[in-house]
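So the structure is just underneath, and the comments pick up after that.
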There are 2 protein chains.
Amino acid sequence: MEDWGLPDPLRGGAMGGNGHEPATAARRLAESTGWLLTDAAREITLKLEEALKGTGLRWRDYGVLVVLEADGPLSQQEIGRRLAVDRSTMVHVIDVLEQQGLVVRSRDRADRRAYSIELTGPGRTLLVEVLHPLTARVHSGVMARLTHEDRAHLNRILAQLAGGAPRPE
Amino acid sequence: MEDWGLPDPLRGGAMGGNGHEPATAARRLAESTGWLLTDAAREITLKLEEALKGTGLRWRDYGVLVVLEADGPLSQQEIGRRLAVDRSTMVHVIDVLEQQGLVVRSRDRADRRAYSIELTGPGRTLLVEVLHPLTARVHSGVMARLTHEDRAHLNRILAQLAGGAPRPE
DNA sequence: TATTGTTATACTCTATAACTATA
DNA sequence: TATAGTTATAGAGTATAACAATA
């Protein structure tokens with residue numbers, strides 16, 4: 001009675017009836033959400049990294065700047081928590097951004113173990129004038145394959161998937 | 001529940017309609033498909049890898065078996081092409097599967113440079129009795145957050161994205 | 001000359017554990 | 001005792017380039 005709500009080919013061949021359609025690999029993979037997600041993520045990430053090449057920044061660096069733009073200043077660990085990056089890895093990430101003058105480290109006065117990472121003026125400017133337009137262009141290029149309706153659908157559904165939000169009834 | 005570190009500013013929030021928001025929440029959300037895809041892909045991949053742990057196989061190994069089940073036998077390079085894996089990496093992947101008796105290498109008679117990789121009986125059995133049900137359960141767990149309609153939507157849209165198919169008018 | 005599989009190698013990425021300074 | 005940041009290091013994963021056999 002359990003309705004897994006899965007693409008038929010993923011249910012295995014164990015579906016009683018003998019309507020045995022030989023699932024092709026293309027069909028099975030094409031209906032496996034795991035695969036589709038991985039492929040789509042790889043494709044868009046490659047394009048974003050390519051587009052960012054001239055800036056000396058990675059796609060993840062852009063993520064740090066975006067988080068800081070909206071919610072900063074934040075500690076290194078807090079930024080890492082939001083981006084699923086370990087604190088030891090965050091050290092190098094912030095090093096790069098600081099060396100480029102896009103963020104500054106200063107001690108958090110309330111807790112002097114932690115840094116208070118903050119966007120600099122140049123960092124904010126780079127975001128607005130270069131990075132946002134750049135990534136927006138990549139996104140619209142990829143999304144151009146979809147109808148406007150599908151674009152909205154996609155983001156809403158993905159947010160539900162990744163956010164772990166239970167399906168509203 | 002798990003926190004996948006979705007940057008809060010990307011999740012949505014206040015939609016300032018009069019174009020004076022400093023390029024944050026609303027606009028960023030509309031352009032954040034790259035993030036959403038990456039997060040969703042990471043989440044589902046982690047769960048699939050976790051579920052496959054007992055089998056000694058990786059999610060990618062399962063992909064190889066799926067491709068062979070439907071379209072095999074194939075050369076190592078052809079399998080790699082379909083899964084976006086380099087031929088030098090495919091050597092190790094096939095090594096593992098062969099050592100477990102799930103596939104066999106034999107020389108392609110038409111082109112003796114290439115191998116003809118084929119699923120074995122045990123390989124086919126493992127797919128049907130263990131791997132397909134296992135991965136189906138993971139998928140259904142993740143997709144349970146979505147309505148039936150959204151599940152179908154998602155796969156169709158992702159296929160368009162990753163496939164590079166132009167938007168049909 | 002080009003291609004399949006292979007190997008060796010190097011490079012990237014990331015996490016783990018230990019250390020320091022604060023709490 | 002616990003935590004933020006740091007550092008060194010080790011491991012996984014992957015790609016690159018060269019080589020042998022075959023086309």
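Naming: A, B, ... by sequence-line order, numbering from 1 per chain.
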Looking at A:D39 and A:R42, does any basic side-chain N land under 4.0 Å from a carboxylate oxygen?
yes
Hey, which of these two, A:D108 or B:R113, hits DNA chain C nearer its 5' end, going by closest nucleotide?
B:R113
Do B:E69 and B:R124 meet the salt-bridge criterion of a basic N to acidic O distance under 4.0 Å?
no
Between A:R109 and C:dT22, is there a contact of a side-chain N or O with OP1 or OP2 at under 4.0 Å?
no
Nearest to the side chain of A:Y115, heavy atoms from C-beta on, is which of C:dG5, C:dA23, D:dT6?
D:dT6
Check the distance between C:dT4's C1' and B:L74's CG and give it to me in whole angstrom.
14 Å
In the single-linkage hydrophobic clustering (I, L, V, M, F, W, Y; side-chain heavy atoms under 4.5 Å), do B:V96 and B:L102 co-cluster?
no
A:D111 CG to D:dA4 P, straight-line distance once rounded to whole Å
7 Å
Pairing of B:E78 and B:R81 as salt bridge, 4.0 angstrom limit:
yes
So for A:R112 and C:dT22, does any side-chain atom that can act as donor or acceptor lie under 3.5 Å from a complementary atom in the base?
no
B:R60 has an atom CZ; how far is it from atom P of D:dG13, in whole Å?
9 Å
C:dT4 OP1/OP2 closer than 4.0 Å to side-chain N/O of B:Q77
yes
By a strict heavy-atom criterion of less than 4.0 Å, which residues belonging to residues 84-105 of chain B are in contact with DNA chain D?
B:D86, B:R87, B:S88, B:T89
Heavy-atom count check: over 12 atoms from other residues, nucleotides or ligands less than 6.0 Å from B:R105 CZ?
yes
Check ion pair B:D150-B:R145 (N to O, under 4.0 angstrom)
no
Report the relative orientation of the aromatic rings in B:W35 and A:Y62; use parallel for angles under 30°, tilted for 30 to 60°, perpendicular for over 60°.
parallel
Taking CZ from A:R42 and C1' from D:dG13, how many angstroms apart are they, rounded to a whole number?
14 Å
Taking D:dT6, D:dG13, C:dG5 as options, the one with an atom nearest any side-chain atom of B:R58 is D:dG13
Provide, to the nearest angstrom, the distance between the CZ atom belonging to A:R107 and the P atom belonging to D:dT3.
18 Å
